[in-house]
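As the structure is a prediction and not an experimental result, all values here were calculated from the model.
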Amino acid sequence: MEKNSCSLKLANEKPNHSHFGNGLSFYCSILDEICQEEDIKIQWLSNNWLALLEKNGQHKFIMGHKFDINSAIAAAIADDKYATFDVLRQAKIPVIEHALLYEPGDLERYAENRNSLDYVETYLAEHDNHIVIKPNNGARGINVFQIITPDQIPPVLKKIFHQSYSASMCPFYDILREFRVILLDNEARLVYDKVRGKDWRFNLQQGARAVDVEDEGLRKYLVELAQRAARALGLRFCSVDIIETAEHERLVMEINSGVMTEHYLEQHPDKYDKVKHIYRDAVRAMFRP
C-alpha cells in the first residue's frame, strides 16, 4: 500500500489517541489501516480530500466522509435540507418543518416568491417571532442562526448567501435532546445522545458531548425512525439526526450522506475498534459484487 502525508502512523501501529485533535488526518489514518489489512491500494488525491481505492481491477472513491456506496441522487437529496424535508414529508415520516429561501434579488423563476425580506419577515411573524435560518447545504452547525427580530435578517442572510446559493428556514423548536444514528445497509452501527454544552446547538464540534444510548426501548424507536428515513432517500450508509422536543415529539432533523466520527472518537477513544469496524464494513461493501 502506498503511504503519504495523510497517514499519522506506520501501517502496523495503532494511532496514539492523544493525537485525535487532528481529526481529518486521524480519519485518513484509519482508512490507511483498513486498506492495508484488506489488501487494497489507496492513493490520496486532491490535497488528501479524495481517496482512490483499487482492488482486483475495481476502482472506488471516498471523498471526504462520503463513500462510494450511496447513489449520487440519494446523497444529493440528503445534502439538501429542504429536499430531505420534502421527501420525508411525502413519505409521512415525522420531520422538522423547512421552508426554502433564495437570496433577495434573485430573479430566477425558481426563486419567485421565496426571494425577499418580506417573505422572511412574514415567516418569522407566523412562527412566534423565533425561527432558525441556515445554509440549505450546510454542515457542522456552521452559519446556523436564531432570528427573533426583523433587523437580524439582513446581516444573517449576507453571511449565509456568501456560503450557499439557497437557505433553509424552520421554526425554532424547544429541543430537549438530539440523537444520532449511524446506519450501514439498514443496520444501526452507532446510536448516541448529543448532550448540549454551553452552545445552543447540539453539534459535537460546538462542545456537545456524545453519550451512547443504553435504554433499549429508546434505542429501538430511534433506530426504526432512522431506518425509515434512510430508506425513503435510498441511502445505504448515512447518519440520521433526530430531535426530541419539549412536547416530547421525536422528529428527524437531517440526514448526512457523509459519516463523521472524529469528534465522537475524541470523546470515546475506547471506541476506536468499533468505529474502525464500521468504516471497514463500508469499504468492503463498496467492493462487494
Distance in Å, Q43 CD paired with E54 CD, rounded so as to fall on 0.5 Å steps: 5.5 Å
ILVMFWY network linking V213 to L265, side-chain heavy atoms under 4.5 angstrom: no
Check: E244/H248 side-chain N/O donor and acceptor closer than 3.5 Å: yes
Residues that K194 engages under salt bridge (charged side-chain N to carboxylate O under 4.0 Å, His left out), provided they are two or more places apart: E178, D241
Atom pair CG/CD1 of L31 and I62 - distance to nearest 0.5 Å: 4.5 Å
S168 to N136 - nearest heavy-atom pair and separation: CB-OD1, 3.6 Å
Partner residues of D185 under the side chain to side chain donor-acceptor pair (under 3.5 Å) criterion, sequence neighbours left out: R236
Partner residues of Y279 under the ring-ring contact (aromatic ring centres under 6.0 Å, His included) criterion, sequence neighbours left out: Y27, F67
Test item: K271 and T261 side chains (from C-beta on) under 4.5 Å apart, heavy atoms: no
Test side chain to side chain donor-acceptor pair (under 3.5 Å) applied to E262 and H65, step by step: CA-CA 11 Å; E262 288 90 318; H65 296 84; 2.6 Å; yes
Candidate pair H268 and L190, rule side chain to side chain contact (heavy atoms under 4.5 Å, CB included), full reasoning: CA-CA 12 Å; H268 299 280; L190 199 60; over 6 Å; no
Gap separating the CZ atom of F172 from the CD atom of Q146, nearest 0.5 angstrom: 4.5 Å
Residues L233, L88; criterion side chain to side chain contact (heavy atoms under 4.5 Å, CB included); working and verdict: CA-CA 8 Å; L233 270 67; L88 296 185; 3.7 Å; yes
Salt bridge (charged side-chain N to carboxylate O under 4.0 Å, His left out) pairs, two or more places apart, involving residues 154-174: none
Over 12 non-hydrogen atoms of neighbours within 6.0 angstrom of CG in D39: no
Hydrophobic cluster of Y119, others only, ordered by chain and residue number, side-chain cut-off 4.5 Å: L101, L117, V120, Y123, L124, I131, I133, F145, I147, I153, V156, L157, I160, F161, M169
Heavy-atom donor-acceptor pair, D80 side chain to Y82 backbone, under 3.5 Å: yes
Sequence neighbours excluded - salt bridge (charged side-chain N to carboxylate O under 4.0 Å, His left out) pairs with any residue from residues 120-130: none
Verdict with reasoning, L184 to I69, per side chain to side chain contact (heavy atoms under 4.5 Å, CB included): CA-CA 10 Å; L184 175 59; I69 183 172; 3.8 Å; yes
Exercise: identify the closest heavy-atom pair between A125 and N129: CA-OD1, 3.8 Å
Same apolar cluster: I242 and L183, side chain cutoff 4.5 Å: yes
Same apolar cluster (I L V M F W Y, side chains within < 4.5 Å links), F179/V275: no
Non-neighbouring partners of H277 that pass ring-ring contact (aromatic ring centres under 6.0 Å, His included), sequence neighbours left out: none
Qualifying side chain to side chain donor-acceptor pair (under 3.5 Å) pairs, either residue in residues 213-222, two or more places apart: K220-E224
Spacing of NZ belonging to K81 relative to CD1 belonging to I255, to within rounding of 0.5 Å: 11.5 Å
Salt bridge (charged side-chain N to carboxylate O under 4.0 Å, His left out): pairs with one or both residues in residues 63-79, sequence neighbours excluded: K66-D79
Flag side-chain contact, heavy atom, 4.5 Å: F61 against L52: yes
R209 CZ: over 12 foreign heavy atoms closer than 6.0 Å: no
Separation of I73 CD1 from L235 CG (nearest 0.5 Å): 10.5 Å
Side chains of E97 and H127 in contact at under 4.5 Å (non-hydrogen atoms): yes
Same apolar cluster: L222 and I175, side chain cutoff 4.5 Å: no
Taking every non-hydrogen atom, the tightest pair across F85 and I96: CD1-O, 3.2 Å
Non-neighbouring partners of R228 that pass side-chain contact (heavy atoms from CB on, under 4.5 Å), sequence neighbours left out: I93, P94, L225, R231
Minimal non-hydrogen separation, M260 against R180, with atom names: O-NH1, 4.2 Å
Any E103 side-chain heavy atom under 4.5 Å of Y165 side chain: no
Full working for side chain to side chain contact (heavy atoms under 4.5 Å, CB included) between V132 and Y173: CA-CA 9 Å; V132 172; Y173 289 81; over 6 Å; no
Over all atoms of both residues, closest heavy-atom pair of A91 and A232: CB-CB, 4.2 Å
Side-chain donor or acceptor of T84 paired with backbone N/O of I77 under 3.5 Å: yes
Sequence neighbours excluded, every pair satisfying salt bridge (charged side-chain N to carboxylate O under 4.0 Å, His left out) that has a member inside residues 276-285: E33-K276, E37-K276, E37-R280, E38-R280, E38-R284, R189-D281, D281-R284
Modelled atom types, side-chain donor and acceptor of N137 and S164, under 3.5 Å: yes
Distance-only donor-acceptor check, side chains Y110 and N115, under 3.5 Å: no
Cluster check Y272, Y192: I/L/V/M/F/W/Y, side chain < 4.5 angstrom: yes
C170 versus H98, closest heavy-atom pair with distance: CB-ND1, 4.3 Å
Residues that, via side-chain heavy atoms closer than 4.5 angstrom, fall in one hydrophobic cluster with V211: V195
Approximate separation, where rounding is to 0.5 Å, of R196 CZ and L176 CG: 8.0 Å
